[in-house]
Amino acid sequence: MEKTYNPSTIEQRWYETWEERGYFSPSNSGDKSYCIMIPPPNVTGSLHMGHGFNNTIMDTLIRYHRMKGDKTLWQPGTDHAGIATQIVVERQLEGEQKKRHDLGREKFIERIWEWKKESGGNITRQLRRLGSSLDWQHERFTMDDGLSDAVKEVFVRLYEEGLIYRGKRLVNWDPKLHTAVSDLEVISAEKNGHMWHMRYPLSNGQGHLVVATTRPETLLGDCAVAVNPSDERYKHMVGELLELPLTGRRIPIIADEEHVDPEFGTGCVKITPAHDFNDYAVWQRHRDEISISEQAHGGLINIFTIDAAIRSNEEDETNLIPEKYIGMDRYDARKQMVADLEALGLLEKVEDHKLMVPQCERSGAVIEPFLTDQWYIKVAPLAKPAIEAVENGQVRFVPSSWKNTYYEWMHNIQDWCISRQIWWGHRIPAWYDEKGNIYVGRSETEVRNQHNLDDNYPLRQDEDVLDTWFSSALWPFSTLGWPEQTERLKDYYPTDVLVTGFDIIFFWVARMIMMGIKFMGDVPFKEVYVHGLVRDSHGNKMSKSKGNVLDPIDLIDSIGLEALVAKRTTGLMNPKDAQKIEDQTRNEFPEGISSFGTDALRFTFAALAATGRDIKFDMGRVEGYRNFCNKLWNASRYVMMNVEGKDCGISGVKIGYSEPAVELERSIADRWILSRLQKTKQAVAIAIDSYRFDHAAQAIYEFTWNEYCDWYLELCKPVLNNNNTTDAAKRGTRRTLVRVLESLLRLTHPIMPFITEEIWQRVAPIAGVIEADTQEATIINQPYPTQRQSLIDEKAENEMAWVMQFILGIRKIKGEMNIPPGKPVPVLLANASESDKLFAIQHRLYLDFLARTDSILVLNSNEQEPESATALVGEMKVLIPLADLINKEAEAKRLEKEIARLQNDSGATEKKLANPNFIDKAPQMVVQKVREKLAENHKALESLQAQLAKIQQL
RNA sequence: AGGCGCGUAGCUCAGUUGGUUAGAGCGCUACCUUGACAUGGUAGAGGUCGUUGGUUCGACUCCAAUCGCGCCUACCA
């Protein structure tokens, strides 16, 4: 083995081998199946830390279950990501001074497919770099033929059931992208704005009402002014008419209790039903009153074009829009109208006002509520069983608090607007004839056949495409072949767990549950593991504009400072940030980022994955876990040096994880490490089963470093390098050495696949678990280690505790007394029990080697103890005679410190025992334990105090 | 406004139904080129567990209040 661990040389090689050999395909055996659907990343996207985290967790689960012998499928695939992808290609066109309409629909879509072909492999290549063991042979894409069939099938069936309908109503309109977007795609941000107080004169000439608004330009669409019916100031005016300024129109004063808060603003609300969701609701409640005044369109007046500029009068003959404003952008119109109102003396005042401005999360454009024809899914009937599925535990959220978020949304769910006025996506399977009749079907042919329309009858397909999340909602079954009844569907649906961030519970999780129950008759997954967000080391969200983004691939491969700066400062929305970002980057990464390898990165994600908590990504942790890899590497190197070509007590034994047949002897250390291993296996399994990857990682880390390396490897040395130890003992040690390592590798493999495979390939034949010349063996499909009760050895653990305490005691004295650790010291034992004496003889080899003891003499009770430095092992005193080694003052100080600690401790315990209530009410077990502890403390105290007195007398 | 979560060592975080001397990693101090590993070893310093009150024999852990921080949902024209 190479002297230093070098991840880059092993990782890529292994991944290719694994994939070539088809190790990621589900096995045909296995009683249970286990399946995870990847949350499909954007096909043209690139990997970010969230993916890194998410996929590490999934791959860990997948590898764990595969090793446990389950029939395990991790379904890969990508999402066409309608708007996001279309925007990217439109930007490219911009570079060529073209718009998508210049190309036309067909050519534009072709162009996107080209882009997909070009960059679509990027994300999947990066997923491979993470070691993700996805079943690539069955990779799917949300727009491939099969998935498109599923989409059409679902659309048609829902339509036939009346759960999909077409309707004209207010939607969130993006005036930049020219499409409707769903509520979820709208993000609100607080902005500084104004509140304009405008006077609307009463038609009877008796003064005016003052309405307060943040959007004066929508005045053109007003159809009424609403007041609260209980408002003494205005209630007598309800039913009267107002002169709507700038328009010459008359609008009524209406009373609406629900919407109008008398305390806010002036208590008078202008009602613009075509451009405000609340106003629309008011309008619906008061249609009659409003149309009494014979308003055009019943008062539902659209004033904007699709660009959110003031429309012309061409679309109707009512001449509602004053010529002056036609064609103005909404914000220009606002300025002009405010000025005009002021000139007319109708502007009472303008106040500063903070308001929430809705923006499209994709384009950033300010959303305009806009009246259009769209397709909707009637969600309530789908939501009901989906709520019940969570209530009755068919779907379990981890951590469970997320189900509140889910309920909250599901109980207030609105119909889902599924049509988008873009080109990239699944085209809506609906056709119109010239009379405007709608025909929905799986294809035009089906429609014609079903409705007896011959080929000459003109039909035109709906121009719109479906919301991307429509196809995503079908992902858990469409990827498995639905609507065909495939074997895969039978084997893997419902899937076992969905691993995702909380941000898409609404977008995706809830919709999958609804669609799964509707079309499969069962939930799509039994558990939803919701993980936190990956943030930067200061707890900030990683974002391009903040310049704090880390690329997982850079952490794996390394990146130089200049390249990192360049990466972070190019393509910024606001180029002014570049300098700040550059400074910040140079400050934080003066040397760039060094190469940590995939395994270290994965281990970091696992170790930081406490449930439900955001993780602050700390470079120190990655570095630490890279060191851990190095530790494991070097420990293995040491093991190999000691077992390769040597008798490990394996030969002649049947290959596999079997018991030894050869004569061998297991030392106390062997039995101890085997026992510790069993407990670690158990801890890791429990941790993974409960999604505590942090606990799993920690258990592995501690066992590997603090027990196997720090103690066991050291304890092996005197056995293996000593001519006086027996062959049977050496065999036992070698066997334990190599077998524990082999188990440890399997135990660790789900989290760190590469390093474990690389080492396992060398170790496994020696450990006798595979034939030496097996070509195709891989750790991937080896059994996951399970606890073996028979190897748990409390006696050995206690005995080793004695050995360790002995060694630590001496090291401590040496450390605090400035005695070179390598300097051999004579040791005397006082107050030694029979077992102490026996242990001192039996484990002499360990003591000499690890504590560098020179001689060990047992003092009889009648023998005088020389002045010494003291350590306690239980009740036994381990003494290092002072001679010239030890400084008396230092030893006195050391003892005083130790005594103070014990006294402090005893004090608290005594107080506890002095409390009769404690003796009475606490369980016997606890009281007993406290008593024992106190007794121990007292003995230790006495012992040390005597020692101190002795030293002070000198 | 409603909901959720967090506050433990300088930093990043564990602490499982209330009972340990409150732990780990990084960082810090001292010593050590010992034949797996200086990406290492040995020893050590460092915390009144945000604050206050309550329940209890006993609270980091349960309850209440309070302060600070974060997120989500809904929004007042």
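Sequence lines set the chain letters: A, B, ... in the order given, protein chains first and strands last, and positions in each chain run from 1.
- For residues 261-272 of chain A, every residue pair satisfying the salt bridge (Lys or Arg N to Asp or Glu O under 4.0 Å) rule, not counting sequence neighbours, is listed here: A:Asp222-A:Lys270.
- The separation of B:rG5 from B:rA43, taken at their C1' atoms, amounts to 40 Å, rounded to a whole angstrom.
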Toss me the dot-bracket line for RNA chain B: Watson-Crick and G-U wobble, both under 3.5 Å, 5' to 3', using | for pairs to another strand and [ ] for crossers.
(((((((..((((.....[...)))).(((((.......))))).....(((((..]....))))))))))))....

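- Summarising the geometry, atom CD belonging to A:Glu910 is positioned 9.0 Å from atom CG belonging to A:Asn937; distances are rounded to the nearest 0.5 Å.
- Taking atom CD of A:Glu707 as the reference point, atom P of B:rA24 lies 13 Å away to the nearest angstrom.
- Among the atoms of the strands shown, only primed sugar atoms or phosphate atoms (P, OP1, OP2) are found under 4.0 Å from some heavy atom of A:Tyr701.
- Of the N and O atoms on the side chains of A:Asp183 and A:Asn172, at least one donor lies less than 3.5 Å from an acceptor on the other residue.
- Classification of the A:Tyr691-A:Tyr529 ring pair by plane angle, with boundaries at 30° and 60°, yields parallel.
- Taking atom P in both B:rC6 and B:rC13, the straight-line distance is 13 Å, to the nearest Å.
- For residues 917-929 of chain A, every residue pair satisfying the side chain to side chain donor-acceptor pair (under 3.5 Å) rule, not counting sequence neighbours, is listed here: A:Gln928-A:Glu932.
- A:Lys646 places a side-chain N or O within 3.5 Å of a backbone atom of A:Met641 that can act as its donor or acceptor partner.
- A salt bridge links A:Arg199 to A:Glu348: one of the charged nitrogens lies within less than 4.0 Å of a carboxylate oxygen.
- Between A:Phe589 and A:Met619 there is a side-chain heavy-atom pair separated by less than 4.5 Å.
- Using C1' as the reference atom, B:rU48 and B:rA22 are 13 Å apart when rounded to the nearest Å.
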With sugar-phosphate taken as primed atoms, P, OP1 and OP2 and all else as base, the protein-contact string of nucleotides 29-46 of chain B at under 4.0 Å (heavy atoms; B, S, -) is -------BB-BSSSSSS-

Mark up nucleotides 69-77 of chain B, 5' to 3', with B wherever a protein heavy atom is under 4.0 angstrom from a base atom, S wherever such an atom reaches only the sugar-phosphate, and - elsewhere.
----S-BBB

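- Counting non-hydrogen atoms under 4.0 angstrom, A:Ala607 reaches nothing in the nucleic acid.
- You'll find the side chain of A:Glu898 stays beyond 4.5 Å of the side chain of A:Lys893, heavy atoms only.
- Residues passing the side chain to side chain donor-acceptor pair (under 3.5 Å) test with A:Thr853, sequence neighbours excluded: A:Asp848.
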Review item, nucleotides 54-63 of chain B N/O atoms under 3.5 Å of protein N/O:
{"unit_1": "B:rC57", "atom_1": "OP1", "unit_2": "A:Lys921", "atom_2": "NZ", "d": "2.3"}
{"unit_1": "B:rC57", "atom_1": "O2'", "unit_2": "A:Asn915", "atom_2": "ND2", "d": "2.8"}

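- For residues 595-604 of chain A, proximity to RNA chain B is found at no residue, defined as any non-hydrogen atom under 4.0 angstrom from a strand atom.
- Under the 3.5 Å distance criterion, the side-chain polar atoms of A:Lys814 are matched with a main-chain donor or acceptor of A:Ala851.
- At distances below 3.5 Å, not a single donor-acceptor pair connects side-chain atoms of A:Asp256 with backbone N or O atoms of A:Ala226.
- A:Ser182 meets the side chain to side chain donor-acceptor pair (under 3.5 Å) test with A:Glu185; sequence neighbours excluded.
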Below 3.5 Å is the cut-off: list the nitrogen or oxygen pairs between protein and nucleotides 6-12 of chain B, distance only.
{"unit_1": "B:rU12", "atom_1": "O2", "unit_2": "A:Arg621", "atom_2": "NH1", "d": "3.1"}

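- Only the C1' atoms considered, B:rA9 is 14 Å distant from B:rG15, to the nearest whole Å.
- With both ends at atom C1', the span from B:rC49 to B:rA24 equals 16 Å, rounded to whole Å.
- Under the rule for a side chain to side chain donor-acceptor pair (under 3.5 Å), A:Arg931 has no partner lying at least two apart in sequence or in another chain.
- Smallest separation of non-hydrogen atoms from A:Ile505 and A:Phe397: CD1-CE2, 4.4 Å.
- The same atom, P, is picked in B:rU61 and in B:rU39; the two are 42 Å apart, to the nearest Å.
- Summarising the geometry, the separation between CG on A:Asp694 and P on B:rU16 is reported as 12 Å, rounded to the nearest angstrom.
- Taking the side chain to side chain donor-acceptor pair (under 3.5 Å) definition, one finds that A:Asp618 meets it with nothing, sequence neighbours left out.
- The 12-atom threshold is not exceeded at NZ of A:Lys403, counting heavy atoms of other residues, nucleotides or ligands nearer than 6.0 Å.
- Contact check on A:Glu258 versus A:Arg285 returns a salt bridge, with a Lys/Arg side-chain nitrogen under 4.0 Å from an Asp/Glu carboxylate oxygen.
- Remark: A:Glu896 does not engage A:Arg894 in a salt bridge, criterion side-chain N to carboxylate O under 4.0 Å.
- Taking atom P on both nucleotides, B:rG19 is separated from B:rC37 by 44 Å, rounded to a whole Å.
- Atoms CZ (A:Phe693) and C1' (B:rA24) sit 20 Å apart, rounded to a whole Å.
- The separation of B:rG41 from B:rG27, taken at their P atoms, amounts to 12 Å, rounded to a whole angstrom.
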